[in-house]
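Residue numbers start from 1 in every chain, and the chains themselves are labelled A, B, ... in the order their sequence lines are given, proteins ahead of strands. Computed from heavy atoms alone, side chains included, the values below leave out hydrogens, waters and symmetry copies.
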There are 2 protein chains.
Amino acid sequence: MEIKEIVNKLSEKGLRVTPQRIAILSAIIKLNNHPTAENIIEYIKKNHPNISVGTVYKVLDSLVENNLLKKVKSESGIMRYDPTQSNHHHLYCAQTDRIEDYEDEKLDELITGYFNQKGIRNFKIQNIQLQITGTFK
Amino acid sequence: MEIKEIVNKLSEKGLRVTPQRIAILSAIIKLNNHPTAENIIEYIKKNHPNISVGTVYKVLDSLVENNLLKKVKSESGIMRYDPTQSNHHHLYCAQTDRIEDYEDEKLDELITGYFNQKGIRNFKIQNIQLQITGTFK
DNA sequence: TATTAGATGATAATGATTATTATTTGAGAT
DNA sequence: ATCTCAAATAATAATCATTATCATCTAATA
């Protein structure tokens with residue numbers, strides 16, 4: 001039961017469980033490809049016509065702060081949101097605004113191994129994400 | 001002579017050589033770390049007080065289109081600009097808005113080698129950029 | 001030097017995001 | 001179950017980066 005899980009995630013983080021938060025989180029999960037705030041609002045309004053735009057932005061911010069979501073930078077500067085999962089990379093279409101997830105454990109090992117040996121002078125690495133640009137066929 | 005180079009780059013691309021374009025390109029080169037449009041405007045106004053904001057954005061766009069600049073997505077969604085050079089990656093500070101270039105030929109070879117063998121199903125790779133998040137020490 | 005497509009400056013418009021504030025509500029205490 | 005109140009929400013206005021418009025100007029070529 002998905003809703004249960006969402007409720008759990010929220011209360012684990014000490015966030016109040018509100019219908020808006022549940023709606024927003026499930027919207028992002030349902031919509032599944034890196035929706036913008038606008039996409040989310042549009043989707044939610046079907047079942048939740050009174051939700052306020054400001055609320056959506058505030059909820060998104062607090063979900064990001066609590067690591068339930070990640071912000072994804074898009075080419076145009078409009079922010080998009082992604083449910084946090086195991087670390088993954090992104091495929092950016094060079095021609096459209098399509099963004100897909102890309103997971104590759106072997107690749108991660110390769111890169112992590114490389115930096116474990118080499119490191120970066122004056123920099124402590126927390127996270128590495130690839131932006132792979134190209135075209136879908 | 002830097003200005004000469006800039007003039008050359010512009011005319012090579014078939015762009016008219018205007019004082020505004022020269023000023024903007026040299027500002028980005030001088031400023032050196034991924035300035036925003038606002039940073040650029042502020043810097044240019046010293047020597048070029050009448051330049052118009054709209055012009056700066058339009059020039060930036062055309063420089064990006066002609067591969068003389070790259071747009072760098074920043075955490076806040078404000079675009080930043082980077083003179084195009086050999087391909088390079090970015091170090092993002094997790095605490096501030098500092099962004100530094102990171103070049104690493106060995107790493108590029110490693111990654112290119114990996115994808116040459118493996119590829120990505122349904123995707124033609126044009127370019128790979130790493131976003132390395134962490135802290136400067 | 002004259003011509004003109006393209007560039008610029010001034011200004012207004014847009015659109016995503018943030019701030020404000022009065023009202024409502026979730027969740028722990030009674 | 002009800003009370004309490006900090007936190008969340010809805011409605012609205014405000015902000016701020018970016019884009020559009022358009023009259024004027026100018027770089028580049030003849």
Novice: Is there a residue in residues 10-30 of chain A whose heavy atoms reach under 4.0 Å of DNA chain C, and which residues are they?
Specialist: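 Listed by number, they are Arg16(A), Val17(A), Pro19(A).
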Novice: Counting distance only, does the side-chain N/O of Asn116(B) pair as donor-acceptor with the main-chain N or O of Gly113(B) below 3.5 Å?
Specialist: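 The answer is no, because no donor-acceptor pair under 3.5 Å joins these two groups.
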Novice: Side-chain atoms of residues 16-31 of chain B: list all donor-acceptor pairs with protein atoms under 3.5 Å, sequence neighbours left out, distances to 0.1 Å.
Specialist:
from: Thr18(B); atom 1: OG1; to: Arg21(B); atom 2: N; distance (Å): 3.1
from: Arg21(B); atom 1: NH1; to: Arg16(B); atom 2: O; distance (Å): 3.0
from: Ser26(B); atom 1: OG; to: Ile22(B); atom 2: O; distance (Å): 2.6

Novice: For residues 115-137 of chain A, which residue pairs pass the ring-ring contact (aromatic ring centres under 6.0 Å, His included) check, not counting sequence neighbours?
Specialist: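 Residue pairs with at least one partner in residues 115-137 of chain A: Phe123(A)-Phe136(B), Phe136(A)-Phe123(B).
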Novice: For the side chain of Thr84(A) and the backbone of Leu68(A), is there at least one donor-acceptor N/O pair under 3.5 Å apart?
Specialist: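 It does hold such a pair.
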Novice: Would you say Glu38(A) has more than 12 foreign heavy atoms packed within less than 6.0 Å of its CD?
Specialist: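 Atom CD in Glu38(A) is not packed in, count stays at 12 or less.
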Novice: Side chains of Thr36(A) and Ile40(A): closer than 4.5 Å at any heavy-atom pair?
Specialist: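 Sidechains of Ile40(A) and Thr36(A): no contact.
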Novice: Quick one: closest heavy-atom pair of Arg80(B) and Ser74(B), and the distance?
Specialist: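 Shortest heavy-atom contact: CD-CB, 3.7 Å.
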Novice: With heavy atoms of chain B within less than 4.0 Å as the criterion, where does contact along DNA chain D begin and end?
Specialist: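 First and last nucleotides in contact are dA17(D) to dA28(D).
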Novice: Looking just at side-chain N and O atoms, do Tyr102(B) and Asp104(B) make a donor-acceptor pair shorter than 3.5 Å?
Specialist: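 Their side chains do contain a donor-acceptor pair, which is all the 3.5 Å distance test asks for.
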Novice: At a heavy-atom distance below 4.0 Å, what parts of residues 42-58 of chain A sit against DNA chain C?
Specialist: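 Of all residues in residues 42-58 of chain A, the ones placing a heavy atom under 4.0 Å from DNA chain C are Tyr57(A), Lys58(A).
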Novice: With sequence neighbours excluded, what pairs up with Glu42(B) under the side chain to side chain donor-acceptor pair (under 3.5 Å) test?
Specialist: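 Scan of Glu42(B) (side chain to side chain donor-acceptor pair (under 3.5 Å), adjacent residues dropped) gives none.
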Novice: Please indicate whether Glu109(B) has more than 12 foreign heavy atoms, meaning atoms of other residues, nucleotides or ligands, lying under 6.0 Å from its CD.
Specialist: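 More than 12 heavy atoms, drawn from other residues, nucleotides or ligands, come within 6.0 Å of this atom.
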Novice: Pull out every residue in residues 66-74 of chain A that has a heavy atom closer than 4.0 Å to any atom of DNA chain C, ordered by number, or say none.
Specialist: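 Hits under 4.0 Å, by residue number: none.
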Novice: Could you walk me through whether Ile128(B) and Gln131(A) pass the side chain to side chain contact (heavy atoms under 4.5 Å, CB included) test, one step at a time?
Specialist: CA-CA 6 Å; Ile128(B) 296 180; Gln131(A) 282 182 211; over 6 Å; no
Novice: Do you see a donor-acceptor pair shorter than 3.5 Å between the side chains of Asp108(A) and Asn87(A)?
Specialist: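 The answer is no; no qualifying pair exists.
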Novice: To the nearest 0.5 Å, tell me how far Tyr81(A) OH sits from Lys71(A) NZ.
Specialist: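 Result: 4.5 Å between the selected atoms.
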Novice: Could you tell me which residues satisfy side chain to side chain contact (heavy atoms under 4.5 Å, CB included) with Lys137(B), sequence neighbours excluded, listed by chain and number?
Specialist: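 Side chain to side chain contact (heavy atoms under 4.5 Å, CB included) list for Lys137(B), sorted by chain: empty.
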Novice: Please list, one pair per line, the donor and acceptor atoms closer than 3.5 Å that link side chains of residues 51-67 of chain A to other protein atoms, with sequence neighbours excluded.
Specialist:
from: Ser52(A); atom 1: OG; to: Gly54(A); atom 2: N; distance (Å): 3.4
from: Ser62(A); atom 1: OG; to: Val59(A); atom 2: O; distance (Å): 3.2
from: Asn66(A); atom 1: ND2; to: Ser62(A); atom 2: O; distance (Å): 2.7

Novice: Quantify the bending of the helix from dT1(C)-dA30(D) to dT30(C)-dA1(D) as the angle between its end axes, each fitted on five pairs, to 10°.
Specialist: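 The end axes of the helix from dT1(C)-dA30(D) to dT30(C)-dA1(D) are about 40° apart, to the nearest 10°.
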Novice: Got a list of side-chain donor-acceptor pairs under 3.5 Å for residues 90-97 of chain B, not counting sequence neighbours?
Specialist:
from: His90(B); atom 1: ND1; to: Gln129(B); atom 2: NE2; distance (Å): 3.4
from: His90(B); atom 1: NE2; to: His34(B); atom 2: NE2; distance (Å): 3.3
from: His90(B); atom 1: NE2; to: Asp82(B); atom 2: OD2; distance (Å): 3.2
from: His90(B); atom 1: NE2; to: His88(B); atom 2: NE2; distance (Å): 3.4
from: His90(B); atom 1: NE2; to: Asp101(B); atom 2: OD1; distance (Å): 3.3
from: Tyr92(B); atom 1: OH; to: Lys73(B); atom 2: O; distance (Å): 3.0
from: Thr96(B); atom 1: OG1; to: Arg98(B); atom 2: N; distance (Å): 3.1

Novice: So which atom in Pro83(B) and which in Leu69(B) form the shortest heavy-atom distance, rounded to 0.1 Å?
Specialist: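 Shortest heavy-atom contact: CA-CD2, 3.8 Å.
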Novice: Going 5' to 3' along DNA chain C, between which two nucleotides do contacts with chain A fall, using a heavy-atom cut-off of 4.0 Å?
Specialist: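 Span of nucleotides near chain A: dA16(C) to dA27(C).
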